[in-house]
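Here's the structure, in structure tokens; my notes come after.
Side chains are part of it too, since the values below use all heavy atoms of this structure and drop only hydrogens, waters and symmetry mates. Everything numeric in this text was worked out from a predicted model, so none of it was measured. Throughout, a chain's letter reflects where its sequence line sits, starting with A, and its residues are numbered from 1.
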Protein chains: 2
Amino acid sequence: MPKSVAKPAVDPTVSLQLGVDRSSPVPLYFQLSQQLEAAIERGALTPGTLLGNEIELAGRLGLSRPTVRQAIQSLVDKGLLVRRRGVGTQVVHSQVKRPLELSSLYDDLEAAGQRPETRVLRNTVEPASAEVAAALGVAEGDEVHLVERLRLAHGEPMAYLRNRLPSGLLDLETPRLEATGLYRLMRAASITLHSARQSVGARAATADESERLGEPAGAPLLTMQRTTFDDTGRAVEFGSHIYRASRYSFEFQLLVRP
Amino acid sequence: MPKSVAKPAVDPTVSLQLGVDRSSPVPLYFQLSQQLEAAIERGALTPGTLLGNEIELAGRLGLSRPTVRQAIQSLVDKGLLVRRRGVGTQVVHSQVKRPLELSSLYDDLEAAGQRPETRVLRNTVEPASAEVAAALGVAEGDEVHLVERLRLAHGEPMAYLRNRLPSGLLDLETPRLEATGLYRLMRAASITLHSARQSVGARAATADESERLGEPAGAPLLTMQRTTFDDTGRAVEFGSHIYRASRYSFEFQLLVRP
DNA sequence: GAAGTTCTGTTGTCCGGACAAAGGATTGAC
DNA sequence: GTCAATCCTTTGTCCGGACAACAGAACTTC
């Protein structure tokens with residue numbers, strides 16, 4: 001007689017009502033990965049759970065194994081699943097929120113439930129300094145767009161944002177800048193952002209800065225410089241921002257590249 | 001008679017001497033992606049170059065299209081290539097260096113050519129405070145390992161590092177801590193890091209801190225808190241670090257998730 | 001000459017199958 | 001009981017093919 005009985009390892013995905021709509025234009029692997037992600041999100045798949053094996057899952061859903069693998073892979077890339085050869089695919093033991101995205105302060109604040117407000121202080125054109133020219137990849141002295149904004153939350157200043165953009169890239173009207181964030185305007189202009197190079201540091205506030213942000217003189221500030229590139233490699237934005245360290249910090253999650 | 005002649009678009013990969021070794025245990029897609037990456041790195045494939053189409057490339061290398069696609073995809077994920085349906089695959093217009101890794105300060109300094117030095121100030125065990133317990137996922141009052149280190153470069157203090165680890169995870173001998181970085185010790189103990197949650201901020205130095213770091217009183221400091229998880233979801237480290245803002249800033253590249 | 005239409009080339013998605021490699025559990029030998 | 005060898009399960013890699021979707025160029029029509 002076998003000493004077993006210990007076989008509680010029922011495939012947890014069976015009770016999940018997974019299913020794909022083949023008439024939808026949404027790719028099958030994407031439909032599946034979204035359903036799995038939602039299941040993890042709402043706790044139907046708890047951390048540590050072992051997903052049933054790919055072949056069986058594919059068979060049950062009427063999909064091929066490559067398609068199921070593609071769905072799982074996308075979640076592995078997001079850090080939600082972990083695969084182990086010979087073992088199976090496991091829901092990662094929670095803690096994953098969102099792996100560092102190229103987000104604007106505006107989106108961050110809005111997501112945090114704070115109603116961001118923008119005050120445009122300058123919106124003009126000026127010749128590029130050597131530093132700006134190098135960052136944007138234009139010639140020194142070329143005209144670039146300059147935008148200076150004060151970002152507030154709950155009526156309190158949070159950050160002072162200074163951006164330079166290649167002139168003519170975007171029509172930046174002050175009302176639109178006050179209504180939303182810069183990145184949203186870019187996306188709306190069908191500029192597809194690709195990557196950014198950032199530098200985060202700290203320094204003491206100058207007299208001007210402390211006054212503008214409502215901080216005592218010499219208060220510590222968080223600084224961020226960022227050059228953003230679109231998918232053709234053009235630099236589309238160079239920002240030099242300062243944040244009130246007493247009110248703001250950068251939070252992010254990052255994944256180890258396997 | 002065709003008006004053409006305009007056909008300078010020779011596949012740039014033909015002159016690249018690509019080829020795979022089927023007897024090698026290294027996966028074919030990986031061999032190919034490495035060769036392509038090397039070619040981009042050394043400038044043999046210049047930014048903007050259009051790779052030949054996948055099918056032809058697969059045929060020339062004696063590989064199947066899925067294998068070639070897998071190789072290309074890995075470089076797209078790294079941000080080195082951009083694909084456009086109906087157009088082709090293009091080398092991204094440079095600027096990409098390295099997309100933010102979970103690196104230790106030690107590695108960063110070493111890569112920058114500075115010889116990092118570590119002075120272990122404390123290496124002991126203590127009961128977990130509420131904050132530490134929450135971060136590490138242990139009970140309050142449980143014993144955790146505490147390591148306090150001063151990190152120097154060129155003999156100058158750069159950062160003050162305070163780490164808590166679940167006790168018993170690693171045997172942290174002071175000599176080993178002074179010889180290398182914490183993450184390397186973890187990897188050596190075959191702990192596979194998976195993700196980390198970070199928070200970067202700034203504040204003014206306390207009297208103690210300013211003295212330890214050789215900064216004037218009240219100088220702005222860059223702060224970083226990080227909880228690191230391994231692939232089983234365990235928290236393996238909780239760090240609270242402070243950096244001299246006058247000497248150090250965080251530099252990183254990040255990619256937009258498509 | 002300008003606008004719409006068709007055509008062509010390329011990547012995106014999906015299928016079904018096959019074998020290799022690794023991890024864990026079981027079995028066997030001592 | 002302990003250790004090594006074996007088996008089984010699962011993911012990793014690779015193949016060959018098919019059609020869809022999209023972008024751009026060429027062509028036709030007005």
Heavy-atom donor-acceptor pair, A:Gln31 side chain to A:Val26 backbone, under 3.5 Å: yes
Nucleotide-resolved protein contact map, nucleotides 10-19 of chain D, B/S/- at heavy-atom distance under 4.0 Å: BBBBSBB-B-
All pairs passing salt bridge (Lys or Arg N to Asp or Glu O under 4.0 Å) where residues 42-52 of chain B contributes a residue, at least two apart: none
B:Leu81 CG to C:dT10 C1', straight-line distance once rounded to whole Å: 15 Å
Derivation and outcome, side chain to side chain contact (heavy atoms under 4.5 Å, CB included), residues B:Leu165 and B:Met186: CA-CA 11 Å; B:Leu165 297 87; B:Met186 287 197 185; 3.6 Å; yes
Flag if over 12 foreign heavy atoms under 6.0 Å of CZ, A:Phe30: no
Donor-acceptor side-chain pairing of A:Glu237 and A:Tyr183 below 3.5 angstrom: yes
